[in-house]
Amino acid sequence: MSGNTIGKLFAVTSFGESHGPAIGCIVDGCPPGMALSEDDLQNDLDRRKPGTSRHTTQRREADAVKILSGVFEGKTTGTPIGLLIENTDQRSKDYTKIAETFRPGHADYTYQHKYGFRDYRGGGRSSARETAMRVAAGGIAKKYLREIAGIEIRGYLSQLGSIKIETVDWSIIDSNPFFCPDADKVAQMEAYMDALRKEGESIGARIEVVATNVPPGLGEPIFDRLDADLAHALMSINAVKGVEIGGGFDCINTKGTQFRDEITPDGFLSNHAGGILGGISSGQPITASIALKPTSSLRLPGRSINTRGEAVEVITEGRHDPCVGIRATPIAEAMMAIILMDHYLRHRAQCLGVDSGLLVLR
Ligand SMILES: Cc1cc2nc3c(=O)[nH]c(=O)nc-3n(C[C@H](O)[C@H](O)[C@H](O)COP(=O)(O)O)c2cc1C
Ligand SMILES: C=C(O[C@@H]1CC(C(=O)O)=C[C@@H](OP(=O)(O)O)[C@H]1O)C(=O)O
């Protein structure tokens, strides 16, 4: 195994480089009989794609997905689904100057160590261009989970630099460039990003993802704990440096009487567990949060070395996101969807017919 696959029963593998002819993925294990067309996947791809506002990279890609296999007469056949997106707006000349230099904070240095050479055009395989395929694959999982189990997965940006949201209005998330759910913060974020871009700087962000109506029982008790698989999937997104499930790191300074989520016949009284106990979903909303680092490709000079080990000053040209977190919401939703889909199918396979004798509490 090359470590290029996520999920066991619902398994996704991707291919392609940022400046190659195309990127793609194979989604294996999708149940047969689900209606599926490109239109079902395009909306989330459009939410993620580059170049949709002045606050993202100015690379323009339509990210128009083609279904190559696994669908016949509009329905999934149960065989591997091949998805393809052509790259149309590569500008590789921006990278020739840094072909022999390692951008501090990007993957150039480690790729060189691991493989002995690298596709420097647009970061090659290390570019977050690849996340388009995660969103496409996640779109299949989202659709199945919604239609078969009524599970909804949504996310939003909760912090950009030091600007923290104070309210969550789900209705406005897709109508501003940040996936920000607090209408009062959008103008502040815009002004902040405009100033930051002029400076040539970048900044980090935080994204929350929530899955609702998840049945209890999804997950495994030991290694493939639902929270462990979720953390793996979210941490595998480029630039993610932190993942929290439920109360996350706040648990350090919280007393047990407050942190445990007390149970009444009418439901849980809180959800610090983030909907997962013992690696298994409790039926409460599954909540996770990720921290994304500031973009490392900067036009402001920085110190680095070249492939001969000599000290150099590096300036990165090209079209870069000043805050990569701004486009990460649909990616985080997709990764949660892939993991929940995998565990939904695995739970059904092993525990079909099990009756806990309990009511489902939320
Ligand atoms: C949506 C998204 C967009 C990104 N855009 C850029 C970018 O324009 N320029 C850049 O240098 N890094 C960008 N990144 C981050 C790099 O892909 C990432 O830092 C790199 O792969 C190294 O991996 P690491 O940061 O996880 O160690 C982006 C990440 C995401 C999730
Ligand atoms: C192209 C996308 O984002 C890219 C992510 C990225 C990086 O280093 O991660 C670098 C930039 O592109 P390039 O590889 O051409 O330099 C971004 O534009 C995309 O998300 O579709």
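The basis for the numbers below is simple: all heavy atoms, side chains too, and nothing from hydrogens, waters or symmetry mates. All ligand and atom numbering here is 1-based and tracks the order in the structure.
- Under the ring-ring contact (aromatic ring centres under 6.0 Å, His included) criterion, F10 pairs with no residue at all, not counting sequence neighbours.
- Considering backbone and side-chain atoms together, K241 places no N or O closer than 3.5 Å to any N or O of ligand 1.
- In the model, R118 has no side-chain atom that pairs as donor or acceptor with a side-chain atom of S126 under 3.5 Å.
- Judged by distance alone, the side chains of S289 and R206 do bring a donor and an acceptor atom under 3.5 Å apart.
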Evaluate the criterion side chain to side chain donor-acceptor pair (under 3.5 Å) for residue pair S18 and R125; output intermediate values, then yes/no.
-> CA-CA 6 Å; S18 181; R125 186 84 182 132; over 6 Å; no
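- The heavy atom nearest to atom 26 (O) of ligand 1, out of those in G325, S127, A107, A239, is found in A239.
- Residue-level proximity to ligand 1 for A128 is carried by backbone and side chain together, each with a heavy atom below 4.0 angstrom.
- Closest to atom 11 (O) of ligand 1, if we only count protein heavy atoms, is S297 OG, 2.5 Å.
- For N87 and H19, the side-chain atoms include no donor-acceptor pair closer than 3.5 Å.
- Among protein heavy atoms, the minimum distance from atom 10 (C) of ligand 1 is reached at T295 CG2, 3.3 Å.
- Nearest to atom 13 (C) of ligand 1 among the protein's heavy atoms is V324 CG1, 3.6 Å.
- Note: an N/O pair closer than 3.5 Å links S126 and ligand 1 by distance alone.
- Remark: F15 pairs with no residue by the ring-ring contact (aromatic ring centres under 6.0 Å, His included) rule, at least two apart or across chains.
- Residue-level proximity to ligand 1 for I331 is carried by the side chain, the only part with a heavy atom below 4.0 angstrom.
- Protein heavy atom in closest approach to atom 16 (C) of ligand 1: H106 NE2, 3.7 Å.
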Tell me which donor-acceptor pairs under 3.5 Å the side chains of residues 184-192 have, and how far apart each pair is, sequence neighbours excluded?
residue: K185; atom: NZ; partner: E166; partner atom: OE2; Å: 2.8

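- Between the side chain of S282 and the main chain of Q284, a donor-acceptor pair closer than 3.5 Å is present.
- Any N or O atom pair closer than 3.5 Å counts here, and K293 shares at least one such pair with ligand 1.
- In terms of polar-atom proximity, N238 is counted as a contact of ligand 1, with an N or O under 3.5 Å from an N or O of the ligand.
- Considering backbone and side-chain atoms together, D321 places an N or O closer than 3.5 Å to an N or O of ligand 1.
- Under 4.0 Å from any atom of ligand 2, one finds heavy atoms of residues S18, H19, R48, P50, T57, R59, Y95, H106, G122, S127, A128, R129, R319, H320, R327.
- Shown here for D94 and G318, the closest heavy-atom pair between the two residues is OD2-CA, 3.2 Å.
- Closest approach of L234 and V240 over heavy atoms only: O-CG2, 3.5 Å.
- Ion pairing of R197 with E199 is absent here, as no side-chain N (NZ or NE/NH1/NH2) approaches a carboxylate O to less than 4.0 Å.
- When hydrogens are left out, the protein atom nearest atom 7 (C) of ligand 1 is H320 ND1, 3.5 Å; that is the closest non-hydrogen contact.
- Judged by distance alone, the side chains of D261 and S270 do bring a donor and an acceptor atom under 3.5 Å apart.
- An N or O contact shorter than 3.5 Å is missing between R48 and ligand 1 by distance.
- Using modelled atom types, one finds a donor on one side chain and an acceptor on the other under 3.5 Å when comparing R48 with T131.
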